*Asks:* 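Dropping a structure here in structure tokens format, bear with me for questions.
When a ligand or atom number is given, it counts from 1 through the structure's own listing order. Throughout, numbering of the chain's residues begins at 1 and tracks the sequence. Since we're looking at a predicted model, the values are computed, not measured.
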Amino acid sequence: MSGLPRGQSPAPLRRFGLPRFAGVRPEVPARPVLSVSGVVRRPVQIELAELLALPGRREQVGDLHCVTTWSATDLLWGGVPFRAAHEVLAARVRPHPECAWVTFTGLDGYRSCLPLADALAEDVLLADRLDGVPLTGEQGAPVRLVAPAHYGYKNVRHVCAVEYRLSYDPGSAGPLAHRRGRVEREERSPVLPGWVWRRLWRSLLPRVRRRYDHDARGETRLT
Ligand SMILES: Nc1nc2c(c(=O)[nH]1)N[C@H]1C(S)=C(S)[C@@H](COP(=O)(O)O)O[C@H]1N2
Ligand SMILES: [Mo]
């Protein structure tokens, strides 16, 4: 028995995601900007460097659990808690008081939504470092969302936009995404119990892995 959550097996961290994003390798801008929009008084664009220089930067060790049943363990992330970034952003954009959801978008166009309360947990980071060095393009540069209590599909790589929302947004995984996606409760996908999805997702894993590995042999490297 491993110490992993039910249905998960250990694997190294390798680029992975929805099949349709396998070939989308965004260029990382020299001066990355975060667009902040949604149900706000005043949308803004803010340089990521400003947010990454906020006090409260931390390093934390955690695991990344993909719904397709692989888990990368003992990842040493470094970054700024989203909560600290949110405090600064909220003061500038003034989200609607009933804002309850937040969507994160990556430079590849991938989107995923979390309850705002979940995103404000202490261990949710805008991470710019892994194992003490800056993220590579493969790993999700310039920053990736690290939400260790949530499945991998909530952990958006290459974050470039934050959208404050009144309601849930299905995001790129659409009806296959669970609204909350908590690993502890095995909220892999909606409606059916986690163990049913576990079997289905596990059976699809090799095909998706092949898709990403095939793409990794291509010439379009990020870094
Ligand atoms: N921008 C972006 N972020 C993403 C994805 C994606 O396709 N694009 N896939 C998600 C999924 S399903 C998983 S399991 C993790 C995988 O992280 P890795 O690519 O570092 O292995 O990234 C998540 N974040
Ligand atoms: Mo995933």
Side-chain angles (χ1 to χ4, degrees), residues 4-5 7-29 32 34-35 48 62-77 79 82 103-114 119 124-131 133-163 169-178 181-183 186-189 194 197-198 200-216 220-223:
L4 290 174
Q8 298 297 115
S9 309
L13 187 72
R14 267 150 77 201
R15 189 169 171 273
F16 192 84
L18 292 179
R20 72 177 188 276
F21 290 94
V24 189
R25 288 162 173 267
E27 207 166 304
V28 180
L34 189 74
S35 301
L48 262 184
D63 301 342
L64 178 87
H65 307 290
C66 175
V67 275
T68 64
T69 73
W70 62 266
S71 293
T73 58
D74 298 322
L75 305 167
L76 174 64
W77 299 111
F82 176 67
T103 292
F104 296 88
T105 303
L107 291 165
D108 56 354
Y110 178 87
R111 283 182 10 253
S112 190
C113 183
L114 277 167
V124 174
L125 301 185
L126 287 174
D128 59 347
R129 302 176 83 81
L130 179 61
D131 293 330
V133 293
L135 293 183
T136 63
E138 289 277 292
Q139 293 165 341
V143 285
R144 69 184 287 163
L145 191 74
V146 170
H150 295 78
Y151 280 109
Y153 62 89
K154 302 283 187 184
N155 290 243
V156 177
R157 287 186 261 105
H158 320 292
V159 174
C160 66
V162 169
E163 184 195 357
D169 162 21
S172 299
L176 297 174
H178 190 284
R182 289 168 295 182
V183 177
E186 209 172 347
E187 292 169 337
R188 291 179 194 271
S189 289
W197 285 113
R198 190 198 303 166
L200 184 72
W201 289 133
R202 186 182 285 141
S203 72
L204 292 173
L205 170 57
R207 211 182 307 169
V208 183
R209 186 83 270 173
R210 272 200 299 278
R211 183 79 186 267
Y212 271 80
D213 287 352
H214 172 80
D215 184 69
T220 47
R221 317 252 14 174
L222 260 180
T223 49

*Asks:* Just so I know, are the side chains of F82 and V146 near enough to count as touching, which here means a heavy-atom distance under 4.5 Å?
*Replies:* no
*Asks:* Which residue and atom name correspond to the protein heavy atom nearest atom 3 (N) of ligand 1, and how close is it?
*Replies:* R157 N, 2.9 Å
*Asks:* Under the criterion side chain to side chain contact (heavy atoms under 4.5 Å, CB included), which of Y153, W197, W201 is the partner of T68?
*Replies:* W201
*Asks:* Hey, does P142 have a side-chain heavy atom less than 4.5 Å from the side chain of L107?
*Replies:* yes
*Asks:* For atom 10 (C) of ligand 1, what's the nearest protein heavy-atom neighbour? Residue, atom name and distance, please.
*Replies:* G152 O, 3.8 Å
*Asks:* How about T69 and R198: do any of their side-chain heavy atoms sit closer than 4.5 Å?
*Replies:* yes
*Asks:* Nearest to atom 20 (O) of ligand 1, what protein heavy atom do you find, and at what distance?
*Replies:* R144 NH1, 2.8 Å
*Asks:* Give the numbers and elements of all ligand 1 atoms closer than 4.0 Å to a heavy atom of V156.
*Replies:* 3 (N), 24 (N)
*Asks:* If we set the cut-off at 4.0 Å for heavy atoms, which region of L107 has an atom near ligand 1: side chain, backbone, both, or neither?
*Replies:* neither
*Asks:* For atom 1 (N) of ligand 1, which protein heavy atom lies nearest, and how many Å away is it?
*Replies:* D108 OD1, 2.9 Å
*Asks:* Could you check whether any side-chain heavy atom of W77 comes within less than 4.5 Å of a side-chain heavy atom of R144, counting everything from C-beta outward?
*Replies:* yes
*Asks:* Looking at ligand 1, is there an atom of it that comes within less than 4.0 Å of some heavy atom belonging to W70?
*Replies:* yes
*Asks:* Nearest protein heavy atom to atom 24 (N) of ligand 1, by residue and atom, and its distance?
*Replies:* N155 O, 2.8 Å
*Asks:* Which residue holds the protein heavy atom closest to atom 16 (C) of ligand 1, what is that atom called, and what is the gap in Å?
*Replies:* F16 O, 3.5 Å
*Asks:* Under a 4.5 Å cut-off applied to non-hydrogen side-chain atoms, are R211 and H214 in contact?
*Replies:* no
*Asks:* Are R20 and S172 side-chain neighbours, meaning at least one heavy-atom pair lies under 4.5 Å?
*Replies:* yes
*Asks:* Go through ligand 1 atom by atom and flag the ones less than 4.0 Å from a non-hydrogen atom of C66.
*Replies:* 14 (S)
*Asks:* Do L135 and R157 come close enough that some side-chain heavy atom pair is under 4.5 Å?
*Replies:* no
*Asks:* Is it the side chain, the backbone, both or neither of F104 that has a heavy atom closer than 4.0 Å to ligand 1?
*Replies:* neither
*Asks:* Can V159 be said to touch ligand 1, with heavy atoms closer than 4.0 Å?
*Replies:* no
*Asks:* Are R182 and H150 packed together at the side-chain level, in the sense that at least one heavy-atom pair is separated by less than 4.5 angstrom?
*Replies:* yes
*Asks:* Is it true that R15 lies under 4.0 Å from ligand 1, counting heavy atoms only?
*Replies:* yes
*Asks:* Starting from atom 21 (O) of ligand 1, find the nearest protein heavy-atom neighbour and note its residue, name and distance.
*Replies:* R14 O, 2.6 Å
*Asks:* Would you sort out whether R25 and E138 count as a salt bridge (Lys or Arg N to Asp or Glu O under 4.0 Å), showing the intermediate values?
*Replies:* CA-CA 8 Å; R25 288 162 173 267; E138 289 277 292; 2.8 Å; yes
*Asks:* Mind checking whether L64 contacts ligand 1 via backbone (N, CA, C, O), side chain (CB onward), both or neither, at a 4.0 Å heavy-atom cut-off?
*Replies:* side chain
